[in-house]
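First comes the structure, then the notes that go with it.
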Amino acid sequence: MKKIICAAALGAAVLSFASAKNYTGVNADAIKNVPTATSFTATTTKGLFSTDVDDFISVTDFWGVQPEKFFGYFGYNYNDGHKYNKKDGLGFNFGFARQLKKMYVGAYFGGQLDGMKMTSVFDDASGADKVNYTYQADAKYAYTGSILLGAEKFGVKASLYYNPVGGVGYLQNIKPDSGDESIVQKDTYEFYTDLQLGFNNKYSPFFQIAVDAMTAKYYDNNKGYADKGFADLYLRGGFTQNLKSETEGFSHKVSYNADTRWRITPIVQNQNKDGSDEHLGAANHLIQLSAAYKATVAATDKLTLKAKFALPLQVGLVWDEDYQKPIDGDKAYNTSRAFKTDIGFEPTLTFAATYAVVPGKFQFNCGTKITVGDLGWNIVATQTRDDPTSSSVDSTSTTVAFGFDSSDFATSWDAGFTAFLGKKVTVDASYNILNKLNNNSVDYSSNNDIWEVVKDVFVQKLEFLVTVKL
């Protein structure tokens, strides 16, 4: 037994050393999605359970909402680290849907309703000769809007996401005839637009095309202009297949998705008083293929269990620039140009449950997601040129690194509840004490007052939304 334990420990040590030294994961920028309507039931069960809030704006699931007159919801959450919005703020989201004879219409809005702030500072203390003016945008607010049109089980949805990443600038010495005016302006913001098509049938296929445009411009009237922005083109698609089951209370299905992101960068990126620089050849693309199996068990009249195993494959393509060219000069080729191809697998296990404490009145929801680790390859082909004025490649070297990064193993927990206020009104909430316990962030030390421990466990952030279905 001791030999087995020692061998296992040695294997783990070697594995950890290899992964830390070699394989570094998929380094291309991650896939993005437009934020959309999401129930706290879906959030707290890691996406395994859903409600009308998740379905009413979905191109494949909207048909199941079926409001006789009207469906609407309003949600509130304290936004302290959103996927796109990293600053704190109060987040609101709301939506509605209505069936107009054979046509279904749904709309959604989410974001920071208290607006974007602008701060301006004037400095003329040095006298009436010159004035300095500075402005800065408070970029903590982002907005999303979507509209869906459906007929029978076919849906079309258009969405727009705006993220004012930030802006800053100043005007110096702007008094007339001062002769030395200086103007500096920086603007960064993001527009993400997408169009989705979906159909609910045996396979529930969907297709999506999206453009994520990031503007990052810098202007200085004494130094020049720079554009570090880019645009990402997304092409996505997938389908789901229900599998046969002869066991009562048990159902299962498989799903397959393809997500691709292709980056387009501007050719003219820098401009000064003497001309412009062209940059060409850089790339940052990502292809993600995933397969998932999901099973549902109605264990009792009150308890429902779900489990999901997902195996995503990611292929990242990151290439260095090929050359830089002044508008009135010759091309200067990079003497060393790397083509990086990363291939990674990161399997996940997800478990969730809902328990009807009082059927039809109060329900408890919880879920956990386990990331097993990251397995993959980093392949780097480096081209070398001896002459920077020539595109000819003199030599190419290739390195391949393989590894399993066990340090990526992680678990996350969520919990919440649903209260049914009659047949038409529902309150869905996230009250996440499980994640606090999972992160071992409760102080159980002997010198800590018992009520402080109780507060650490039970005083948690409460988020909720209210739905009305008529």
Side-chain angles (χ1 to χ4, degrees), residues 11-33 46-47 83 205-212 214 230-241 254-265 280-294 308-322 334 336-350 369-384 393 395-412:
V14 172
L15 186 62
S16 176
F17 175 77
S19 64
K21 183 178 180 181
N22 297 321
Y23 178 63
T24 59
V26 176
N27 297 297
D29 290 349
I31 294 283
K32 286 184 181 180
N33 284 290
K46 303 298 184 180
K83 181 177 180 180
F206 77 93
F207 174 76
Q208 178 184 11
I209 181 171
V211 176
D212 182 19
M214 175 67 75
F230 56 84
D232 285 340
L233 173 65
Y234 286 89
L235 298 175
R236 294 183 169 115
F239 66 93
T240 299
Q241 181 179 6
V254 291
S255 61
Y256 306 93
N257 293 314
D259 296 76
T260 65
R261 178 185 53 74
W262 309 94
R263 177 157 297 174
I264 304 167
T265 56
L280 194 66
N284 192 313
H285 309 313
L286 184 63
I287 302 169
Q288 180 174 292
L289 307 175
S290 61
Y293 171 81
K294 183 191 293 185
K308 177 182 177 181
F309 173 71
L311 183 61
L313 163 66
Q314 288 191 332
V315 179
L317 305 173
V318 180
W319 305 340
D320 290 344
E321 284 184 352
D322 188 20
N334 285 342
S336 179
R337 186 187 184 197
F339 295 81
K340 303 174 185 177
T341 302
D342 301 325
I343 303 172
F345 295 89
E346 193 171 34
T348 60
L349 288 168
T350 308
K369 185 174 182 179
I370 304 170
T371 302
V372 178
D374 192 3
L375 170 71
W377 295 261
N378 297 127
I379 304 169
V380 181
T382 304
Q383 295 180 346
T384 302
V393 177
S395 63
T396 302
S397 63
T398 303
T399 61
V400 179
F402 168 78
F404 174 72
D405 191 352
S406 56
S407 65
D408 279 353
F409 178 87
T411 61
S412 62

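- Ring geometry for F402 against W377 counts as tilted: the plane angle lies between 30° and 60°, on a 0 to 90° scale.
- Applying the side chain to side chain contact (heavy atoms under 4.5 Å, CB included) criterion to T382, with sequence neighbours excluded, gives S336, A338, V380, S397.
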| task | Applying side-chain contact (heavy atoms from CB on, under 4.5 Å), run through T265 and L280 and close with a yes or a no. | result | CA-CA 8 Å; T265 56; L280 194 66; over 6 Å; no
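- Under the salt bridge (charged side-chain N to carboxylate O under 4.0 Å, His left out) criterion, K308 pairs with no residue, sequence neighbours left out.
- With sequence neighbours left out, R337 forms a salt bridge (charged side-chain N to carboxylate O under 4.0 Å, His left out) with D322.
- The side chain to side chain contact (heavy atoms under 4.5 Å, CB included) test applied to F309 returns L311, P347, L349, not counting sequence neighbours.
- Distance check: F404 CZ to F345 CZ gives 12.5 Å after rounding to the nearest 0.5 Å.
- In terms of heavy atoms, N284 sits closest to D29 at OD1-N, 3.1 Å.
- Judged by distance alone, with hydrogens and angles left aside, the side-chain atoms of T240 form no donor-acceptor pair with the main-chain N or O of S255 at under 3.5 Å.
- The number of heavy atoms from other shown groups lying within 6.0 Å of NZ (K294) is above 12.
- A pairwise comparison of heavy atoms in A381 and T396 identifies CB-CG2, 4.5 Å as the closest pair.
- Shown here are the ring-ring contact (aromatic ring centres under 6.0 Å, His included) partners of Y256, two or more places apart in sequence or in another chain: F239.
- Considering only residues two or more places apart in sequence or on other chains, T371 meets the side-chain hydrogen bond (donor to acceptor under 3.5 Å, both in side chains) condition with none of them.
- Partners of D374 by salt bridge (charged side-chain N to carboxylate O under 4.0 Å, His left out), not counting sequence neighbours: none found.
- In terms of the side-chain hydrogen bond (donor to acceptor under 3.5 Å, both in side chains) criterion, residue partners of Q314 (sequence neighbours excluded) are, by chain and number, Q288.
- Side chain of N378 to backbone of T24: a donor-acceptor contact under 3.5 angstrom is found.
- Applying the side-chain hydrogen bond (donor to acceptor under 3.5 Å, both in side chains) test to K369 and every residue at least two apart in sequence or in another chain returns nothing.
- Shown here for L286 and A28, the closest heavy-atom pair between the two residues is CD1-CB, 4.2 Å.
- Legend: residues meeting side chain to side chain contact (heavy atoms under 4.5 Å, CB included) with D232, ordered by chain and number and at least two apart, are D212, F230, Y234, R261, R263.
- Counting only distance, with no hydrogens or angles, the side chain of D342 and the backbone of N27 share a donor-acceptor pair below 3.5 Å.
- In this structure, CD1 on I287 lies 9.0 Å from CG on L313, to the nearest 0.5 angstrom.
- Contact annotation: the side chain of F206 approaches that of N257 to within less than 4.5 Å [non-hydrogen atoms, C-beta and beyond].
- With sequence neighbours excluded, the residues forming a ring-ring contact (aromatic ring centres under 6.0 Å, His included) with F339 are W319, listed by chain and number.
- For Q208, the side chain to side chain contact (heavy atoms under 4.5 Å, CB included) partners are Y192, D194, Q196, A210, R236, not counting sequence neighbours.
- Separation of atoms CD1 (I343) and OH (Y23) is listed at 9.0 Å; rounding is to 0.5 Å.
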